[in-house]
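Down below is the structure, laid out as structure tokens.
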Amino acid sequence: MESDDSVAREKEGLWKGRKRPWYKQKKKLWILIGVCTVLLIIIIIVAAVVVPNSGSGEEKRDESSGSDQSRLSGVLVPNGAPSWLNPYVWQDIADFNLTYTNETVGDMPIMGLNLTWDDSAKANEQVPALNEAWGDYAKRPARGVNVGGWLSLEPFITPSLFNYDLRMGIVDEYSLCKYLASRCESVLEKHYATFVTEDTFRQIRDAGLDHVRIPFSYWAVQTYDGDPYLFRTSWRYLLRAIEWCRRYGLRVNLDLHGLPGSQNGWNHSGRLGAINWLNGTDGGLNAQRSLEIHDRLSKFFAQPRYKNIIAYYGLANEPKMTYLPEDKVLQWTSDAYALVRKNGVSNAAVVFGDGFRGLHKWQGELTGLDNAALDVHQYLIFNTDLIVFNHSAKVRHACEGWTEETLESMDRATGFGPTLVAEWSQADTDCAKHLTNVGWGNRWTGTYITPDGSGDVTTPRCPTKDNRCSCDAANAPAGQWSDSYKQFLKMFAEAQMSSFEKGWGWFYWVWDTEDAPQWSYKKGLEAGVLPAKAYERSFDCDLSQIPSFSDLPETY
Ligand SMILES: *[C@@H]1O[C@H](CO)[C@@H](O)[C@H](O)[C@H]1NC(C)=O
Ligand SMILES: *[C@@H]1O[C@H](CO)[C@@H](O)[C@H](O)[C@H]1NC(C)=O
Ligand SMILES: *[C@@H]1O[C@H](CO)[C@@H](O)[C@H](O)[C@H]1NC(C)=O
Ligand SMILES: *[C@@H]1O[C@H](CO)[C@@H](O)[C@H](O)[C@H]1NC(C)=O
Ligand SMILES: *[C@@H]1O[C@H](CO)[C@@H](O)[C@H](O)[C@H]1NC(C)=O
Ligand SMILES: CC(=O)N[C@H]1CO[C@H](CO)[C@@H](O)[C@@H]1O
């Protein structure tokens with residue numbers, strides 16, 4: 001069958017291409033007109049059924065995406081196909097299989113995937129290829145990075161998407177899409193198509209990393225009750241990202257970052273405000289919906305093509321167990337674990353968040369789960385007692401404190417057992433724009449004011465605790481960092497790697513940011529404050545090597 005263009009070309013041929021002699025005999029003319037009319041009717045019917053509805057998509061397509069649009073010629077899509085099955089409306093078609101299919105697995109479309117796959121790549125010479133067993137993560141820890149702020153938005157990672165008058169209250173993906181309404185689709189897809197590309201995964205591989213954690217949210221699968229979220233577009237980007245990881249031998253940690261109702265009330269769950277997951281009137285409903293999401297996801301990711309590449313299957317990012325009833329979260333976690341295993345996700349370790357309750361509290365919990373890992377996120381700067389440490393003390397804490405915590409947690413006698421640090425960064429302040437929230441101040445300068453006043457910090461929480469607590473140097477571009485500040489940042493990173501490798505490994509938060517260079521692995525590499533290869537470090541927590549750093553971030 002045909003695409004729009006070829007039908008148009010054929011029409012031209014029918015009406016314009018005939019030669020004079022045909023018109024001389026009336027009988028032949030009438031036969032010709034009859035034949036043409038019949039053909040035209042057939043073409044109209046066929047066009048109505050199978051010709052792609054390419055109109056609006058063509059306008060939206062981003063020229064800079066680098067996709068070869070000629071691949072669309074001859075691609076047939078039934079009229080009325082939904083956007084996720086219609087490559088003519090996709091902004092980016094690179095590396096997707098464009099052949100239409102409405103087939104699903106676990107009620108999720110496979111559209112865009114190739115039939116075959118190749119697991120022979122290895123990330124580097126230190127690690128096995130995808131089609132070889134990784135082995136015990138306690139002996140060979142994961143070295144990974146998050147592609148955060150991509151399929152689940154975060155204002156501090158992409159402040160350009162949140163560049164509105166504060167009074168408009170655009171603080172998270174929910175309020176952004178509610179405001180953008182029908183434009184949410186083109187704005188978000190442009191971000192999906194450009195913020196992370198194939199090159200991202202090549203660079204991650206080249207940095208000596210071997211794992212990638214991919215945060216995504218429930219609206220990749222389903223939306224409810226008039227949610228303003230962009231439904232399902234992120235799904236195909238998630239699937240393509242996994243295929244790109246495969247190309248570079250990178251194993252994947254699937255991270256469900258936003259759950260129905262919000263599991264923590266934070267902006268990065270999609271919606272800032274109330275926790276309506278296992279809490280409030282709809283708490284049970286949203287917990288059930290979250291299980292339905294995992295039912296579909298786990299059926300999909302139980303397919304053989306994912307056996308070698310999905311190393312970690314995450315149930316819920318950062319459920320706020322300091323607020324939620326612990327027994328309910330534990331029960332939900334057990335139920336979700338059982339469901340995912342029942343559906344055939346067998347190789348991947350199932351991951352769940354530590355809930356901020358303290359690692360020792362996990363001792364003896366959920367002991368019946370096989371190949372499960374506890375996920376702790378280690379940051380100094382969200383804690384008013386730790387953010388004030390000077391740079392030397394920050395490195396020391398990263399070595400001593402976090403090694404101790406990791407070892408305690410890894411030991412079933414004192415903690416849960418298998419433990420992963422799936423988020424950490426080099427940030428030594430909470431100064432990055434929008435980091436605490438869109439429009440909020442920060443602890444560092446004592447300008448952190450919350451709507452209900454509960455967690456307010458109104459005196460400067462930097463090492464000097466005085467008017468030298470400024471964000472100017474902290475927010476300077478990496479190119480302006482002084483040599484000694486760079487030395488600190490590198491040692492701080494290597495200290496953390498060293499501690500977290502006492503467990504099942506680590507995932508840096510995040511691969512890249514628009515500003516916020518202390519949160520970007522990519523910018524850190526460029527500035528020389530991360531090891532060129534993640535497996536070759538110069539500092540391994542020999543405390544005698546820690547110099548007397550200056551207290552504050554410095555520019556030259
Ligand atoms: C899918 O197959 C096509 C054709 O062989 C290829 O060009 C493309 O790179 C493949 N996509 C992925 C993600 O491997
Ligand atoms: C899928 O497409 C086939 C034809 O290709 C059609 O017969 C079938 O009804 C479609 N199924 C759904 C669920 O749309
Ligand atoms: C693309 O998808 C179609 C439909 O599922 C399939 O028949 C075809 O083999 C796929 N192409 C590749 C290169 O895998
Ligand atoms: C829990 O739910 C109740 C009832 O809906 C609500 O008032 C409360 O704010 C919720 N808690 C949090 C932390 O959002
Ligand atoms: C950093 O803080 C530690 C602990 O408070 C202190 O012992 C040390 O002298 C400080 N170092 C510098 C360089 O100020
Ligand atoms: C209020 C709120 O939810 N703030 C969070 C927004 O997300 C950043 C990280 O991107 C957190 O640090 C904030 O606590």
Side-chain angles (χ1 to χ4, degrees), residues 1 49-50 67-68 71 76-82 84-85 92-104 107-119 121 146 148-149 152-159 161-162 169 171-175 197-198 201 215 236-248 257-258 262-275 305 309 317-318 320 356 377 379-383 387 423 425 427 429-443 448-452 454-457 509-510 513-514 516 519:
M1 295 284 158
V49 178
V50 298
S67 294
D68 177 4
R71 289 178 55 227
L76 293 173
V77 177
N79 209 21
W84 58 90
L85 302 182
D92 182 357
I93 57 170
D95 269 338
F96 284 117
N97 181 345
L98 304 180
T99 304
Y100 173 84
T101 171
N102 63 4
E103 228 181 283
T104 60
D107 210 18
M108 294 305 295
I110 65 160
M111 175 75 198
L113 289 175
N114 283 348
L115 238 44
T116 57
W117 67 93
D118 174 2
D119 282 345
N146 285 272
S152 303
L153 296 189
E154 231 170 289
F156 98 90
I157 299 174
T158 55
L161 291 176
F162 292 86
V171 297
D172 54 21
E173 195 160 337
Y174 186 97
S175 48
T197 63
E198 183 191 349
F201 300 96
R236 68 174 170 273
Y237 285 90
L238 171 65
L239 296 188
R240 185 176 63 175
I242 297 171
E243 296 311 313
W244 282 340
C245 286
R246 197 192 303 277
R247 187 170 287 174
Y248 296 106
H257 214 72
S262 178
Q263 73 281 19
N264 53 37
W266 288 319
N267 47 9
H268 47 74
S269 70
R271 191 172 190 185
L272 174 68
I275 302 178
R305 68 184 299 130
I309 192 165
N317 178 63
E318 298 189 347
K320 199 171 180 182
F356 313 99
H377 299 169
Y379 296 111
L380 287 172
I381 52 149
F382 297 122
N383 179 313
I387 191 174
E423 291 189 20
S425 80
T429 76
D430 62 345
C431 285
K433 184 180 182 187
H434 296 336
L435 175 64
T436 54
N437 199 16
V438 175
W440 286 13
N442 53 60
R443 300 162 184 89
Y448 186 75
I449 313 289
T450 56
D452 66 359
S454 58
D456 287 4
V457 180
W509 187 264
V510 294
T513 55
E514 288 176 349
W519 294 84

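One is the number of the first residue; the rest follow in order along the sequence. Any value given below was found using the heavy atoms of this structure, including those in side chains, with hydrogens, waters and symmetry copies removed. Just follow the structure's listing: the first ligand is 1, and inside any ligand the first atom is 1. Since we're looking at a predicted model, the values are computed, not measured.
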[atom] within contact range, any protein heavy atom under 4.0 Å:
| atom | result |
| --- | --- |
| atom 2 (O) of ligand 2 | yes |
| atom 5 (O) of ligand 1 | no |
| atom 11 (N) of ligand 2 | yes |

Enumerated ligand 6 atoms positioned under 4.0 Å from heavy atoms of Trp440: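 Heavy-atom distances to Trp440 below 4.0 Å select 1 (C).
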Interfacing atoms of ligand 6 (cut-off 4.0 Å, heavy-atom, Phe382): 12 (O)
Whether Asp95 lies under 4.0 Å from ligand 1, heavy atom: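 True for this residue.
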For the student: nearest non-hydrogen atoms of [X] and [Y], plus distance:
| X | Y | result |
| --- | --- | --- |
| His257 | Gln263 | O-NE2, 2.8 Å |
| His434 | Gly439 | ND1-N, 3.8 Å |
| Asp430 | Arg443 | OD2-N, 2.8 Å |

Pair Trp519 and Tyr379, ring centroids less than 6.0 Å apart: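 Ring centres of Tyr379 and Trp519 closer than 6.0 Å.
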Sub-4.5 Å side-chain heavy-atom contact between Ile381 and Leu435: yes
pair Ile157-Trp509: side-chain heavy atoms closer than 4.5 Å: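 Yes, close enough: below the 4.5 Å cut-off.
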Protein heavy-atom partner closest to atom 1 (C) of ligand 6 - residue, atom, separation in Å: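 Checking every protein heavy atom, the shortest distance to atom 1 (C) of ligand 6 gives Leu272 CD1, 3.2 Å.
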Atom 9 (C) of ligand 6 [closest protein heavy-atom partner, distance rounded to 0.1 Å]: Glu154 OE2, 3.0 Å
Flag, side chain of Arg71 to backbone of Phe96, donor-acceptor distance under 3.5 Å: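 Judged by distance alone, yes, a pair lies under 3.5 Å.
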Test item: Asn267 side-chain N/O and Leu272 main-chain N/O as donor-acceptor pair under 3.5 Å: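 Looks like no, no N/O pair under 3.5 Å.
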Proximity of Trp266 to ligand 6 by residue part, where a heavy atom lies under 4.0 Å: both
Ligand-residue contact atoms, ligand 1 with Glu243, heavy atoms, under 4.0 Å: 13 (C)
Contacting atoms of ligand 1, where contact means under 4.0 angstrom from a heavy atom of Arg247: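 This gives 9 (O), 12 (C), 13 (C), 14 (O) as the contact atoms.
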Pair Arg247 + Glu198: basic N to acidic O under 4.0 Å: yes
Between [options], which one has a non-hydrogen atom sitting closest to [atom]?
| atom | options | value |
| --- | --- | --- |
| atom 8 (C) of ligand 6 | Thr436, Ile381, Leu435, Asp430 | Leu435 |
| atom 7 (O) of ligand 6 | Asn437, Val171, Asn267, Asn442 | Asn267 |
| atom 13 (C) of ligand 2 | Asn102, Thr104, Thr101 | Asn102 |

Option from Thr101, Leu239, Leu85 for which side-chain contact (heavy atoms from CB on, under 4.5 Å) with Pro109 holds: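 The passing option is Leu85.
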Nitrogen or oxygen atoms of Asn114 and ligand 1 under 3.5 Å apart: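 In this structure, Asn114 places an N or O atom under 3.5 Å from an N or O of ligand 1.
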